[in-house]
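Take a look at the structure set out below.
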Amino acid sequence: MPPPIVLAASEDDFGAPMQIRETPLTGATRLTPRVAWAASAGVTVTWAVAVIAAGQLGRVADNWEAGATMLFGSFLAGSSPEGGGAVAFPVLTKGLDVSAPVARTFGLCIQAVGMTVAAISIVLCRRQVHWRSAAIATTAAVAGFLASVFLVGEPDQLFWPPSIGTPWVKATFSILLATTSVMMVRHLRSRGGPPLVTRWTRRAEAALVLAAIVGGFVSALTGTGANILVFLFLVALVDVNPKVALPTAIIVMAAVSVLGLVLFGLVDGQLDTTVADGVVTSVGGVETSLDASTADLLGLWLAAVPIVAWGAPLGALAASLVTERRLVQFVAFLATVEVVTTFALVPELRSQPSLMIYLVAGLVAVPASCIWLRTRRQTLLGD
């Protein structure tokens, strides 16, 4: 009886058909997923030892909302292009009254755990990744992230907030998710025709760099974005299969999230929060008096770490098993929820006409612009 086989795709140029080869399902291949789950177990054990040794179990319990939020958010981090920040940012800012800078840093710090574990799982389980895109986009996204932090950030204030007002950040986030949904639907409807972009060109490479820079810039504001823009570029403009583009985007966002953890959480000291009697008394050595339920970033992070250690790789596994249509429907549903809750739960939209105009115009103009780019991609990308 012949040995069972798995199908693996060789990395090819953007739209060119993947070359399928048959690979014997060896014992090492069968063990690979087990090794991937060992990373989740390792994170969980390390977390448990650290929390118990430091006597932080009570602090974790006090921030149970963060863990509950990331039950879904971490699964999303591995199963969709939005990432865990697509749940963490709106839930924390709209539902739990957490400030946008705290929600952003929380999203980055928690994705540094969840998406890194998911990325390890992707590599060890040998899922298809467009590595050339991942390398180019990671470098560009990091540059965009740093540009955003140092150009529009205010490092002299607690949690390094952007100079852009929080309502504008929320509106921008909604526009980004809505655009993702529209372009995914357009991509699904156009499947079946010949690929329009079949090889790398300098213009295609430049376009990927631009998308990743913008994504990194947005990530410094909301905690997610680089994964969304890279995914959109690969799927909407160059017809990479979403099940290949998704792990590619996850790897990019994992790198950006680790940078956010290091820069905001450690260097700026935002994870160095001291709590007494329900009040955050210091952040990064700076004395303050903030409500611990909305400003204890370390407590929020500790409560979510064991959840995302398992949720993100589970999401990555689920995304590899579901059909492309189901993945698109999932993305569209999330975008709809995000836009509806923005209109319902951001009161500034009713008191600031300019903000309402920006949101409505963005929901129309940005997806329309992306559709226009898609229809002219062959000319624009030089293929």
Side-chain angles (χ1 to χ4, degrees), residues 43-44 46-48 50-52 54-77 83-117 157-162 166 169-170 173 219-224 253 256-286 288-312:
V43 170
T44 305
T46 301
W47 170 87
V51 167
I52 294 173
Q56 298 294 324
L57 283 176
R59 196 171 186 178
V60 170
D62 290 340
N63 291 279
W64 64 269
E65 297 96 334
T69 298
M70 294 314 296
L71 276 172
F72 181 54
S74 61
F75 186 85
L76 185 64
V87 171
F89 188 81
V91 170
L92 293 178
T93 58
K94 299 174 188 175
L96 300 179
D97 201 29
V98 174
S99 69
V102 173
R104 171 217 55 209
T105 303
F106 171 79
L108 290 168
C109 290
I110 208 62
Q111 285 175 163
V113 178
M115 279 194 159
T116 299
V117 174
Q157 296 188 31
L158 284 179
F159 298 110
W160 206 321
T166 295
V169 174
K170 293 178 182 178
F173 189 71
S219 296
L221 303 177
T222 66
T224 188
M253 193 63 220
V256 173
S257 297
V258 170
L259 174 61
L261 168 64
V262 172
L263 183 60
F264 289 131
L266 301 180
V267 176
D268 195 47
Q270 295 179 28
L271 284 174
D272 181 17
T273 54
T274 303
V275 176
D277 299 324
V279 176
V280 175
T281 58
S282 72
V283 177
V286 178
T288 185
S289 57
L290 301 171
D291 185 356
S293 64
T294 60
D296 181 15
L297 185 56
L298 178 60
L300 294 170
W301 185 67
L302 288 176
V305 164
I307 304 298
V308 303
W310 294 95

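If you read the sequence from its start, that first residue is 1, and numbering goes on from there. All values below come from the heavy atoms of this structure, side chains included, with hydrogens, waters and symmetry mates left out. Values in this document were obtained by computation on a predicted structure and should not be read as measured data.
Residues W160 and T105 fail the side-chain proximity criterion, which asks for heavy atoms closer than 4.5 Å. Under the 4.5 Å side-chain criterion, counting only non-hydrogen atoms from C-beta, V305 is in contact with V43. L298 has its side chain within reach of R59: a pair of non-hydrogen atoms, C-beta onward, lies under 4.5 Å apart. At a threshold of 4.5 Å between non-hydrogen side-chain atoms, the residues L96 and T294 do not count as touching.
One distance of note links CD of E65 with CG of L300; it measures 8.5 Å at 0.5 Å rounding. In this structure, the separation between SG on C109 and CG on L302 is 10.5 Å, given to the nearest 0.5 Å. We find the CE-CG distance between M253 and L108 to be 5.5 Å, quoted to the nearest 0.5 Å.
Evaluation of the side-chain contact (heavy atoms from CB on, under 4.5 Å) rule for L259 yields V142, F145, L146 as partners, not counting sequence neighbours. Residues that satisfy the side-chain contact (heavy atoms from CB on, under 4.5 Å) test with L290, not counting sequence neighbours, are L158, F159, V280, T288, A295. The side chain to side chain donor-acceptor pair (under 3.5 Å) test applied to S219 returns no partner, not counting sequence neighbours. Residues forming a side-chain contact (heavy atoms from CB on, under 4.5 Å) with D272 (at least two apart in sequence, or on another chain): none. Evaluation of the side-chain contact (heavy atoms from CB on, under 4.5 Å) rule for A103 yields F89, L92, T93, V98 as partners, not counting sequence neighbours.
The minimum heavy-atom distance between A304 and I110, with the atom names listed, is CB-CD1, 3.4 Å.
Applying the side-chain hydrogen bond (donor to acceptor under 3.5 Å, both in side chains) test to residues at least two apart or on different chains, the pairs with a partner in residues 260-269 are D268-Q270.
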